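Here the structure is laid out as C-alpha cells; the discussion comes afterwards.
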Amino acid sequence: ASTLGAAATQSGRYFGTAIAGGRLGDSAYSTIAAREFNMVTAENEMKPDATEPQQNVFNFTAGDQIYNWANSRGIKVRGHTLAWHSQQPGWMQNMSGSTLRNAMINHINGVMGHYRGKLAAWDVVNEAFNEDGSRRQSNLQATGNDWIEVAFRTARAADPSVKLCYNDYNIENWSYGKTQGVYRMIQDFRSRGVPIDCVGLQTHFTGGSSLPGNFQTTLSSFAALGVDVALTEVDVTNASTTQYAGLTQACVNVPRCIGITVWGVRDSDSWRSNESPLLFDGGGNKKAAYTSVLNVLNGA
Ligand code: G3I
C-alpha cells in the first residue's frame with residue numbers, strides 16, 4: 001500500500017495524526033492529512049479548557065470542526081482528553097474536594113454525551129503519574145485516589161460504545177518506575193472490574209537511535225492484562241529512522257497494538273518543531289522516516 005493508513009489497514013490497524021483545527025484551511029496540510037491517515041486526534045480542541053470554558057457552558061465548535069472534517073472523509077476520531085491536570089479551564093483550576101469531583105463528572109458527561117456513539121476511543125484520563133510510578137499530585141488527585149476509577153465508570157455510563165483509554169508519556173520502557181506504576185493500576189482495574197479498554201503510550205521519544213528498553217515487552221505486557229494498546233502521540237527527535245521503524249515493528253508484532261498516531265503532520269506543525277520529529281518536512285515532502293514506517297507496515 002502507498003499510504004500510511006492503507007498500509008496499516010492491511011493488518012487491521014490504523015495510522016493517525018493529531019490535527020490542529022486552525023490548520024485545516026491550509027490545503028497543503030489538509031491534503032496530506034486526508035491522504036495518509038485514517039484516524040485523527042484533536043491536538044487541543046477536545047480538551048477541558050476548549051470544551052467547557054465556563055462551568056457547565058460547553059463549546060464544541062472547534063472539536064466539531066475536526067470531527068466533521070474527519071467523519072466526512074471516512075476518517076475515525078480519537079477523543080483527547082477528559083480529565084487532566086493541565087489545560088483545565090480557569091474556573092476548574094482552583095477547585096477542590098467534592099466541588100471539583102462533581103465538576104469532573106459533569107464535564108465527562110457533557111463532553112461524552114455530545115460525542116456519544118461517534119468516536120473510536122477517548123483518552124479518559126491523561127498523565128496522572130509521576131516518573132517514579134506514584135500518583136501525580138494535582139487538584140484532581142487531591143479529591144481522592146479513586147478519582148481515576150470514578151472518571152472511567154462515569155465515562156462507561158456516558159457512552160458505552162466508545163473505547164476508554166488511559167494515556168501517558170514515558171511509559172514505554174518496561175523497566176521504568178512510571179511504566180510499572182501505570183501497569184499496576186491497569187492490573188488493579190482489570191481485577192476489580194473498573195471499566196478500561198486501552199492504554200495509550202504517547203511515545204514522545206527524545207534522542208538516541210534505539211528504542212526505550214523492552215518497548216515491545218511493555219506493549220505485550222499491557223495487552224496481556226486484557227486491554228488494547230496504541231501509540232498515541234508519536235514524535236521522535238530528528239525523526240530517527242531506526243526508532244520510527246522500531247516502534248512501528250513493535251506495534252505490528254503485538255496483536256493488541258491497534259494503531260499508531262503521530263503528533264502532527266509536518267515538522268512545522270509540531271509542538272517540537274525545532275527537533276524535526278515528524279514524517280513530513282515543512283514543505284510537505286515525505287522524509288526518510290516516512291519510508292521506514294511505510295516499509296514496516298507493508299511487511300517489507
Ligand atoms: O490558542 C492559543 C492562542 O490563542 C494564543 O495566541 C497562543 C499564544 O501562546 O496560544 C494558543 O494556545 C496554545 C495551544 O497549544 C494551541 O496552539 C497554548 O499556548 C499551548 O500551551 C498549547 O500547547 C499544546 C500542549 O499540548 C498544551 O499542554 C500543544 O499544542 C499540544 O501539542 C500539546 O499536546 C500534548 C498532549 O495533549 C498530551 N501529551 C503531551 C502533548 C505535548 O505537550
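Positions are given from 1, in the same order as the sequence printed here. These numbers were taken from a predicted model, which means no experiment stands behind them. Counting starts at 1 for both ligands and their atoms, in listed order.
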Kindly list each side-chain donor-acceptor pair under 3.5 angstrom involving residues 18-25, sequence neighbours excluded, with atom names and distances?
residue : atom : partner : partner atom : Å
Arg23   : NH1  : Asp269  : OD1          : 2.9

Next on the checklist: Checking Asn106 against Asn56 for the side-chain hydrogen bond (donor to acceptor under 3.5 Å, both in side chains) test, could you report, in this order, the C-alpha distance in whole Å, the side-chain angles of both residues, the deciding distance, and whether it holds?
Outcome noted: CA-CA 8 Å; Asn106 189 62; Asn56 210 33; 2.9 Å; yes

Next on the checklist: Using the rule given for side-chain hydrogen bond (donor to acceptor under 3.5 Å, both in side chains), can you reason through Asn170 versus Gln202, listing the C-alpha separation, both sets of side-chain angles and the distance that settles it, and then say yes or no?
Outcome noted: CA-CA 8 Å; Asn170 287 353; Gln202 292 183 10; over 6 Å; no

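With sequence neighbours left out, Asp146 forms a salt bridge (charged side-chain N to carboxylate O under 4.0 Å, His left out) with Arg101.
Among residues at least two apart or in separate chains, ring pair (Phe, Tyr, Trp, His ring centres under 6.0 Å) pairs with a member in residues 211-259 are Tyr183-Phe222, Phe205-Phe215.
Contact annotation: the side chain of Glu52 approaches that of Trp91 to within less than 4.5 Å [non-hydrogen atoms, C-beta and beyond].
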When you check ligand 1 against the protein, what N or O pairs turn up below 3.5 Å? List the atom names and distances, or just say none.
residue  : atom   : partner : partner atom : Å
ligand 1 : 26 (O) : Lys47   : NZ           : 3.1
ligand 1 : 28 (O) : Gln87   : OE1          : 3.1
ligand 1 : 30 (O) : Glu43   : OE2          : 3.3
ligand 1 : 30 (O) : Asn44   : ND2          : 2.9
ligand 1 : 32 (O) : Glu43   : OE2          : 2.4
ligand 1 : 32 (O) : Trp263  : NE1          : 2.9
ligand 1 : 34 (O) : Trp263  : NE1          : 3.2
ligand 1 : 37 (O) : Lys47   : NZ           : 2.7
ligand 1 : 37 (O) : His80   : NE2          : 2.7
ligand 1 : 39 (N) : Glu127  : OE2          : 2.8
ligand 1 : 39 (N) : Gln202  : OE1          : 3.0
ligand 1 : 39 (N) : Gln202  : NE2          : 3.4
ligand 1 : 39 (N) : Glu233  : OE1          : 2.7
ligand 1 : 39 (N) : Glu233  : OE2          : 3.4

